[in-house]
Amino acid sequence: MVNGRFVVHNISQLVTNEGAGWEPLRGAAQSRLRVVKGAAIVIDNGRISSVIDEESVGRYEGEKIDARQRVVMPGFVDPHTHVVFAGTREEEFYMKLKGKTYLELLQSGNGINRTVRETRAASEEEIYRQSLQRVQDAVRCGTTTLEIKTGYGLDLESEMKMLRVMDRIASLGIVNVVKTFLGMHAVPPGMTEDSYTAEVMGRMLERFSERVDFVDAFCDRGAFSPQSTDLFFAASSRKGLKMRLHADEIEDIGCLDLCLKYRLHSVDHLLETGDAGLKKILQGGSVATLLPITGFSLDRIRFPDARKFIDAGIPVAIGTDCSPVSYNISMPFAIYLAVRFCGMTVEEAINAATVNAAYSLDVLGRKATIEPGKDADILILNVDDYRKIPYQYSSSLVDSVFVMGEPIMRHGYFSL
Ligand SMILES: N=CN[C@@H](CCC(=O)O)C(=O)O
Ligand SMILES: [Zn+2]
């Protein structure tokens with residue numbers, strides 16, 4: 001590269017998003033992509049400086065990256081992951097096949113608290129080693145911005161250990177990391193919901209508030225009540241923290257009322273959300289982040305009905321929700337399920353996996369579209385038409401990944 005300059009050219013389709021300035025895409029706008037043929041991208045010092053015609057490429061200095069007549073698009077933004085943890089829960093995979101529900105597992109000391117035991121017992125180095133493998137898989141699948149939550153420590157020191165692992169992953173520069181404090185993930189053994197909520201909104205929030213981008217809570221049957229979540233969000237709001245919420249995954253217990261009281265950037269899962277819930281999300285102005293891979297991994301297969309959210313005018317994002325229960329970090333697979341089982345068009349799913357996901361993470365000003373001034377987080381795919389993404393969603397879909405203009409993966413191999 002000359003002065004941090006290179007040009008990506010010989011592109012079959014330059015795929016980006018219609019008019020995605022600072023707002024999420026809704027309704028008709030979410031259903032359109034901007035697809036340009038004969039274009040090339042000029043990148044300077046990690047930023048997109050211009051989109052030019054292929055004929056003009058010769059006039060530009062710097063390395064020429066030949067896309068060999070394949071699709072070039074923004075990197076995927078995964079707005080909901082639990083990738084930092086130790087241990088696995090394959091036994092629960094088989095227990096679910098025998099009819100155990102997610103809630104029965106959670107309430108019998110398995111589920112989240114099983115991973116809490118293993119994460120508390122593991123060294124920071126071991127958690128880092130295991131988690132880094134999942135993050136590298138995410139990059140291989142085209143993710144360039146990744147949200148990561150705490151939530152498997154559930155005491156101050158163990159949650160801080162998770163945060164240190166997240167910071168180490170962020171410092172590698174192989175993916176952009178957005179950090180979320182999810183102390184309100186489950187009530188640890190030996191504590192009551194009230195006593196633990198007081199601990200989270202007191203001592204823990206004090207230590208985390210300057211070091212994370214968001215807070216989150218698992219508001220659902222078997223986790224936290226809307227009342228406890230309200231107390232936590234009130235404390236978070238007093239500290240000016242941005243909020244996300246797990247809601248209506250297991251049951252609708254009224255958590256979406258919180259959309260009317262707080263500005264929630266994202267409400268996630270929504271498997272059990274009815275029409276009243278849609279109205280609350282619309283009124284609150286949140287993004288609905290749907291997690292089709294979790295629907296595929298829970299006790300009984302339940303896919304979110306994306307169509308009803310889009311038709312209600314709610315901006316929809318999709319994420320992997322990679323966790324010990326849905327052990328999959330592939331955004332192309334999430335796109336496949338969103339199109340195949342959730343009622344989304346391929347254009348809506350791509351917008352949900354880029355612009356709307358970035359908006360829910362408050363990074364749309366820098367990410368998720370190919371426009372001058374945006375960070376050069378760019379994918380070269382192994383297909384010549386974006387419509388092949390859900391059709392050919394396997395891991396070999398992505399040829400090259402650039403993050404902030406740095407070639408992280410070239411032709412399927414990590415270059416860092
Ligand atoms: N529902 C809560 N949290 C994660 C699952 C965490 C776990 O079961 O380990 C989720 O979003 O699916
Ligand atoms: Zn989650």
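Whatever order the structure lists ligands and atoms in, that order sets their numbers, starting from 1.
- No N or O atom of Ser323 sits closer than 3.5 Å to an N or O atom of ligand 1.
- For ligand 1, the atoms closer than 4.0 angstrom to any heavy atom of Pro324 are 9 (O).
- His185 places a side-chain heavy atom less than 4.5 Å from the side chain of His82.
- Close approach of ligand 1 to His80 is summarised as follows: ligand atoms under 4.0 Å from at least one heavy atom of the residue are 11 (O).
- Residue-ligand proximity, His185 to ligand 1, at heavy-atom distances under 4.0 Å covers atoms 2 (C), 3 (N), 4 (C), 6 (C).
- Atom 1 (N) of ligand 1 has Glu249 OE1, 2.6 Å as its closest protein atom, hydrogens excluded (heavy atom only).
- Contact annotation: the side chain of Thr369 approaches that of Val355 to within less than 4.5 Å [non-hydrogen atoms, C-beta and beyond].
- Remark: ligand 1 atoms within the under-4.0 Å shell around heavy atoms of His246 are 1 (N), 2 (C), 3 (N), 11 (O).
- Between the side chain of Glu159 and the backbone N or O of Gly153 there is at least one donor-acceptor pair closer than 3.5 Å.
- Counting heavy atoms only, Tyr152 comes closest to atom 6 (C) of ligand 1 of the residues Phe218, Tyr152, Tyr327.
- With Arg70 contributing its side chain and Ala67 its backbone, the two residues share a donor-acceptor pair below 3.5 Å.
- Contact between Gly111 and ligand 1 is absent, with no heavy atom of the residue lying under 4.0 Å from the ligand.
- Ring pair His246/His269 is tilted by interplanar angle, where 30° to 60° counts as tilted.
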ask   = For Phe232 and Phe224, what are the C-alpha separation, side-chain angles and deciding distance, and is it a ring-ring contact (aromatic ring centres under 6.0 Å, His included)?
value = CA-CA 10 Å; Phe232 172 64; Phe224 292 90; 8.6 Å; no
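- A donor-acceptor contact shorter than 3.5 Å is absent between the side chain of Ser326 and the backbone of Ser297.
- For atom 4 (C) of ligand 1, the closest non-hydrogen atom on the protein side is His82 NE2, 3.4 Å.
- Scanning the protein heavy atoms around atom 11 (O) of ligand 1, the nearest turns out to be His269 NE2, 2.7 Å.
- The two residues Leu154 and Ala186 come nearest to each other via the heavy atoms CD1-O, 3.4 Å.
- Remark: ligand 1 and Asp321 share an N or O pair separated by less than 3.5 Å (distance only, no angle test).
- Because the distance cut-off is set at 2.8 Å, His269 fails to qualify as a neighbour of the Zn ion (ligand 2), as none of its N, O or S atoms comes that close.
- Using a distance-only test at 3.5 Å, with no hydrogens or angles considered, no donor-acceptor pair links the side chain of Asp377 to the main chain of Val403.
- Under a 4.0 Å heavy-atom criterion, Tyr102 is in contact with ligand 1.
- Set against the non-hydrogen atoms of Ile112, the atoms of ligand 1 under 4.0 Å away are 6 (C), 7 (C), 8 (O), 9 (O).
- Within ligand 1, the atoms closer than 4.0 Å to a non-hydrogen atom of Val325 are 5 (C), 8 (O), numbered from 1 in the order shown.
- Under the 4.0 angstrom criterion for non-hydrogen atoms, Thr115 is not in contact with ligand 1.
- Restricting His80 to its N, O or S atoms, the one at the least distance from the Zn ion (ligand 2) is NE2.
- At least one donor-acceptor pair under 3.5 Å links the side chain of Thr119 to the backbone N or O of Ala86.
- Of all N/O/S atoms in His82, NE2 sits nearest the Zn ion (ligand 2).
- Two rings, from Phe296 and Phe333, have their centers less than 6.0 Å apart.
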